[in-house]
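Structure record follows, encoded as structure tokens.
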Amino acid sequence: MTGLGTPTPRLSWQVAQAPEGYRQTRYQLELTRGAETEVFETESADQVLVPWPAAPLKSREAATVRVRVAGPTGGAARGTAADASNSPAADASPSVAGSDGVSWSEWSEPATVEAGLLDPADWTARFVSPREIGAFGGPAPILTGALGLSGDVVKARLYITAHGLYEATINGHRVGDEVLTPGWTAYQHRLRYQTYDVTDLVTPGENRVEINLGNGWWRGYLGFRNQHSLYGDRLAALAQLEVETADGRVHTLATDGSWTAREGVIVVDDIYNGQRVDLGRELGAESPVDVIDADLSLLVAPDGPPVRVTDVLPAVEVFKSPSGKTLVDFGQNVVGWVRLRVRGGQKGNKVVIRHAEVLEDGELGVRPLRTARATDEWILDGREEVVLEPNFTFHGFRYAEVTGVDGLEAADVEAVVVGSDLRRTGWFESDHELLNRFHENVVWGMRGNFVDVPTDCPQRDERLGWTGDIQVFSPTASFLFDSAGFLTNWLADLAAEQQKDGSVPYVVPDVLRQPGPATAAWGDAATIVPWVIYQRTGDRGILERQLPSMRAWVDKMAALAGPGLLWAGGFQFGDWLDPTAPPADPFRAKADPDVIATAHLARSAEVVAQAALAVGDGDVAREYGDLAGRVRAAFAREYVTDGGRVLSDAPTAYALALQWALLPTEDQRKQAGQRLADLVRVAGFRISTGFVGTPLMTDALADAGEPELAYRLLLQTGVPSWLYPVTMGATTVWERWDSMLPDGSINPGEMTSFNHYALGAVADWLHRRVAGLAPAEPGYRSIEVRPLPTGQLTRAAARHLTPYGEASVAWTRDGGELSLTVVVPVGASATVHVPGSDEPITVAHGRHEWTVQDPYGQESARPAEPSIRQLMDHKPSWDKVVALAAEAGVATDEADLAERLERYLGAPATELAGAATAHGFIPGGDQLAARLQTLLSSENR
């Protein structure tokens, strides 16, 4: 890895395979720095994020690392792979036995790390900005510098960043494959720079460096208030090219007052609105630059991978809209831009591409974009053939409208997919086609919204790092992709943007800049996200770094709660986008916002206590553990009845109370679980929660002894549900449960994105409980395998690339038997809960299999004289009843019928018809009663 931002990178490695009984007892690290090699031996089983053993690296210094591991003689490892700051090396050779009673593996293949510029004094370059050109609204400027070299090039590095976006070339060749650089951080606190190995681009003689600048997040439109230039009104670049030649000299080209600026062919560029390019435009004359005074101590190296082109999708179909427009369908809602090949275009012809996620009435559905134009334009220069694609913008789209190209063919247009280049680490599959597509939608939603910042949506005039969204989604994100570095960077911005009183902005980076924001679930990203990273990676360092921020947020919440420890009153987002809230008023969720706020205070206080304990601060752990206990007691006194009812009687309120230990007695927990289950029943097994409650619902039902209801909720296809959008052709997760209405029209609400990941947070339940793969100890050193089979699925499987290697769980139901297969990587162990067995089994690395009697081999029988509740729980019978009610005209659908039965769930099923029509005269009641009696009688025989 080139351009590392720390002088002491931590090291990790994996052992590909080892015999039964093997365990690592020690390791050796070989470090080569220049001509000197050192070997460091440590007696330890650790292999993840172990400390750098040598003197710190200096700026620009490189080191090569190899590792070998040892265990007791007779149990040697094979295939060790080193990882120094996410730079994996190849597998090692076979093991050898030593004379000291242990067997050593061969050395791994080497991994090389190279430090970047670790001190502001390492920069001789200064920020330079065009003096006479480059104003907002004008063409994008190009900065130019030159370096003459007389000898052969041995090594060359370019260190570079910008106020705005940059794209650099050396001698006409593009530098690197990253896009939208330097990315988006809280620029007033932290500005990333990139390091490129440009040895192959630099040659003897004159070398010309050009830096094209775009507005990006620095100066372009940002947020939903029609604001721009939030970080500054001038674009600028900072670049330092260092070249070592064969004679041992180092030659430096640094941005300074000698550089020049000129206008390029990009006439307009903006992230929201798009890019306009005049390919025939005459380039402006060279003009001077100003040296800008900027604080170089704000420069930081990247923590995670850059934004790159991660995929290219061909067009699925080119067709005409009802109005005669040429439309392109790429078959997948993506984030990026369109690449278009144009042949035979006349000079001066204009090509325009508009983007949208959906169609409405056969035309582009652009209303959800709000003010974002999402339009790219080119004026052709008359070349016979040209490939058109932007570089300083991105769009969220599945469909594109192309004008200015006659006879467009599908082969000439493709979608370029961009996003943070995260390594895929998690997979899930089942025998349920819609569920598999939903999981794939979650993956695509994350890919589209992890564009340097975890955004809410990628298409409209927003695309902001909403804290509440990532707070609920971080467990899913951490399973699907190696997102630790990405989120670590974002948390550094969160801590930097956090206000002195501990308040956490609604969005990070904070472009809303509202004084004193503090709202539950959103601000709790300060505590939950670092805790999730620790749980999934074992990185205590993230807790040590973030603990002051975590404590500050909890202290702010406690201050707002006051002596009574009830956070009541004031602004809250609440259970955002609860489907029962009107489209135009998403704040009108059913769950009481005070209940939500106080619950989050208890939860985050407990997390801070656990985090403090993990880093060895017992005093802080006791302080916040005590606070969490007192808040739980206050919650129970104020919001919970002796019978387990929770204020506002909303599913979200029960899910929070059940999952976060807010109900003191076993009887309260039992009654609350039963009430939650009934609320699911009377909603017609449709979801009725928003951003806050949704991630907890399936866990809450399963833990309350209602796993089949959890599956009924999960696999529901009626609106609102997770699978309803899939039935409507969705290829990403929607912001609203019904962003598109059943008639194909777009939801009238202002917030109607078709690419939001928040409601996809349930995918974490698919991984942990449906398949049954979860960390039992931080970093998956111990794995919990606890699958939750169901009669509604015949198989499910998940696999995850843990820090120790690939772990997987798969179960299959067939022929009256259930088969479970578990794979544990070397260095980890697993506690396996085999379905039907009361005693868990602990296993070490390797492949393990069990076959047991299938508990769902036969469909459960319905009671002979069921209650209405029992009838609803027996899905085959309930489906027939719903059909009968619809035929009789008593109810329009399942949800309508279920809602009518809320007060009669304990009544005999024979009274269902009367219960369904009890609130007024509804024709068909007698007809339903007769048919119901026939149904019950026939099923009892």
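Quantities reported herein were computed from a predicted structural model and do not represent experimental measurements.
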Heavy-atom donor-acceptor pair, Arg900 side chain to Ala915 backbone, under 3.5 Å:
no

If you draw a 6.0 Å radius around CG in Asp585, do more than 12 non-hydrogen atoms from other residues or ligands fall strictly inside?
yes

Identified side-chain contact (heavy atoms from CB on, under 4.5 Å) partner of Pro695 from the options Val762, Thr689, Val472
Val472

Given 3.5 Å as the limit, does a donor-acceptor pair link the side chain of Thr732 with the main chain of Gly445, or not?
no

Are any side-chain N or O atoms of Asp575 and backbone N or O atoms of Gly693, one a donor and one an acceptor, separated by less than 3.5 Å?
yes

Ring centroids only, cut at 6.0 angstrom: are Trp567 and Tyr639 within range, meaning strictly under it?
no

What is the ring orientation for His439 with His767, classed by angle as parallel under 30°, tilted 30 to 60°, or perpendicular over 60°?
perpendicular

Applying side chain to side chain contact (heavy atoms under 4.5 Å, CB included), name anything that partners Glu894, two or more places apart in sequence or on another chain.
Phe685, Arg686, Arg712, Gln716, Trp878, Val882

Check Gly749 against Arg736 and note the closest heavy-atom contact, atom names and distance.
CA-NH2, 3.6 Å

Salt bridge or not for Arg669 and Asp703, using N-O below 4.0 Å?
no

Tell me whether Asp873 is salt-bridged to Arg869, with the criterion being a basic N under 4.0 Å from an acidic carboxylate O.
no

Backbone of Asp524 reached by a side-chain donor or acceptor of Thr527 within 3.5 Å:
yes

If we ignore hydrogens and angles and just use 3.5 Å, is the side chain of Asp578 paired with the main-chain N or O of Lys590 as donor and acceptor?
yes

Asp738 meets the salt bridge (Lys or Arg N to Asp or Glu O under 4.0 Å) criterion, sequence neighbours left out, with none

May I ask you to say whether Lys875 pairs ionically with Glu708, meaning some side-chain N is under 4.0 Å from a carboxylate O?
no

Charged N-O contact under 4.0 Å between Arg681 and Asp678:
yes

Determine, step by step, whether Tyr724 and Trp737 satisfy the ring-ring contact (aromatic ring centres under 6.0 Å, His included) criterion, reporting the C-alpha distance in whole Å, the side-chain angles of both residues, the deciding distance to 0.1 Å, and the verdict.
CA-CA 8 Å; Tyr724 161 73; Trp737 296 107; 9.8 Å; no

Would you please indicate if the ring centroids of Tyr757 and Trp444 are separated by under 6.0 Å?
no

Keeping the roles fixed (side chain from His800, backbone from Phe479), state whether a donor-acceptor pair exists under 3.5 Å.
yes

Does Asp431 use its side chain to pair, donor to acceptor, with the backbone of Leu793 at less than 3.5 Å?
no

Between Thr519 and Gln572, is any side-chain donor less than 3.5 angstrom from a side-chain acceptor?
yes

